[in-house]
Asks: 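Have a look at the structure that comes next, please.
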Amino acid sequence: LTVTLDGSGDASIVADQVISNMLPGDGSLGYRVDETGTFALEPAVAPLTVALADDGGSGPKSIGFPFYFFGTTYTAVEIASNGFVSFTGAGLSGSASYTPTTMPTASDPNGMIAMIWDDLSPNISGTVSFDIVGFPPARKFLVNFDAVPLFGTTETVTTQLQLHEG
């Protein structure tokens with residue numbers, strides 16, 4: 001994955017670099033990449049900050065509703081310091097946590113969604129938070145990485161994951 005930052009620190013990411021096995025807008029699996037509009041964080045109402053160690057993960061965080069993902073229903077995720085959420089809790093630490101690989105794989109991580117899968121350092125600065133917004137049957141579970149630095153650089157990452165109910 002190549003992330004290009006302009007002079008303002010805004011990122012340019014091409015969808016086929018993010019999800020190579022799914023076409024944007026393809027509904028065959030019930031998932032799609034939304035490439036429309038300008039990136040702006042969905043406002044969180046009462047975000048809870050997550051303190052993460054370098055190359056570590058949180059404990060389980062309730063999504064707030066059942067979320068169906070590749071044939072399995074989940075009710076919680078674990079947030080990895082390196083820019084992804086895990087439904088299984090696997091691959092949250094060590095080199096697997098910051099080394100992207102083809103998936104599925106015989107080793108960890110699997111059962112995850114990556115916003116950006118890189119060696120991040122939320123233990124140094126930036127904020128990682130989550131929130132549930134909206135009302136049934138249209139809630140969203142949000143995970144925010146705000147100004148989290150890439151390891152060993154002065155560059156930062158701001159991104160958001162949205163899991164939608166229903």
Side-chain angles (χ1 to χ4, degrees), residues 1-25 31-64 67 69 74 76-89 91-93 96-103 109-134 139-165:
L1 171 66
T2 301
V3 178
T4 305
L5 300 176
D6 66 17
S8 300
D10 295 324
S12 173
I13 302 173
V14 179
D16 64 356
Q17 293 176 322
V18 178
I19 300 176
S20 60
N21 63 347
M22 181 173 67
L23 297 175
Y31 314 106
R32 66 183 176 88
V33 175
D34 185 350
E35 298 178 87
T36 61
T38 302
F39 174 74
L41 296 175
E42 173 88 17
V45 176
L48 298 172
T49 300
V50 180
L52 295 170
D54 186 35
D55 303 333
S58 70
K61 305 300 179 191
S62 175
I63 297 169
F67 184 75
F69 186 67
Y74 298 97
V77 298
E78 295 189 39
I79 302 169
S81 65
N82 289 315
F84 64 89
V85 298
S86 171
F87 293 104
T88 65
L92 297 173
S93 63
S97 73
Y98 59 81
T99 307
T101 186
T102 302
M103 295 178 64
N110 284 303
M112 52 92 87
I113 299 174
M115 293 84 75
I116 181 168
W117 190 358
D118 207 334
D119 199 357
L120 304 178
S121 298
N123 57 311
I124 293 174
S125 67
T127 303
V128 177
S129 63
F130 70 98
D131 197 5
I132 301 167
V133 298
R139 293 173 286 188
K140 295 178 193 175
F141 177 78
L142 309 176
V143 176
N144 294 311
F145 278 65
D146 188 13
V148 174
L150 288 162
F151 177 75
T153 74
T154 58
E155 297 178 51
T156 62
V157 171
T158 295
T159 188
Q160 181 179 71
L161 171 72
Q162 298 181 13
L163 301 181
H164 293 247
E165 181 176 26

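For this chain, numbers begin at 1 and follow the sequence in order.
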Asks: Calculate, to the nearest 0.5 Å, the distance between atoms CG and OG belonging to Asp119 and Ser81 respectively.
Replies: 8.0 Å
Asks: Roughly how far, to the nearest 0.5 Å, is CD1 of Ile132 from CD of Glu165?
Replies: 9.5 Å
Asks: Are Leu92 and Glu78 packed together at the side-chain level, in the sense that at least one heavy-atom pair is separated by less than 4.5 angstrom?
Replies: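 They are in side-chain contact.
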Asks: Would you say that more than 12 heavy atoms from the other residues, nucleotides or ligands in this model lie under 6.0 Å from the OH of Tyr74, or not?
Replies: yes
Asks: Applying side chain to side chain contact (heavy atoms under 4.5 Å, CB included) to Val85 and Leu161, what does each step give before you reach the verdict?
Replies: CA-CA 9 Å; Val85 298; Leu161 171 72; 3.5 Å; yes
Asks: OH/Tyr98 to CG/Asp118 distance, rounded to the nearest 0.5 angstrom?
Replies: 11.0 Å
Asks: Mind checking whether Val148 and Thr156 have side chains closer than 4.5 Å, heavy atoms only?
Replies: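 No - every pair of side-chain heavy atoms lies 4.5 Å or more apart.
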Asks: Can you tell me how far CZ of Phe130 sits from CG of Asn144, rounded to the nearest 0.5 angstrom?
Replies: 11.0 Å
Asks: Taking the side chain as every heavy atom from C-beta outward, state whether Leu120 and Phe145 have any atom pair closer than 4.5 Å.
Replies: yes
Asks: Report the C-alpha distance between Phe141 and Phe67 in whole Å, list the side-chain angles of each, state the deciding distance to 0.1 Å, and finish with yes or no for ring pair (Phe, Tyr, Trp, His ring centres under 6.0 Å).
Replies: CA-CA 10 Å; Phe141 177 78; Phe67 184 75; 9.0 Å; no
Asks: Just list the side-chain donor-acceptor pairs under 3.5 Å for residues 40-62, sequence neighbours left out, or say none.
Replies:
from  : atom 1 : to     : atom 2 : distance (Å)
Glu42 : OE1    : Lys140 : NZ     : 3.2
Asp55 : OD1    : Asn82  : ND2    : 3.0
Ser58 : OG     : Ile79  : N      : 2.9
Ser62 : OG     : Gly64  : N      : 3.2

Asks: I want to check something: taking the side chain as every heavy atom from C-beta on, are Phe69 and Ile113 in contact at a cut-off of under 4.5 Å?
Replies: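 With C-beta onward as the side chain, the pair touches.
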Asks: Taking Ser121 for the side chain and Asn123 for the main chain, is one N or O donor matched with an acceptor at less than 3.5 Å?
Replies: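 Not at all, since once roles are kept as given, no pair shorter than 3.5 Å links the two residues.
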Asks: Test Met115 against every option in Thr158, Val157, Val143 by the side chain to side chain contact (heavy atoms under 4.5 Å, CB included) rule and name the one that passes.
Replies: Val143
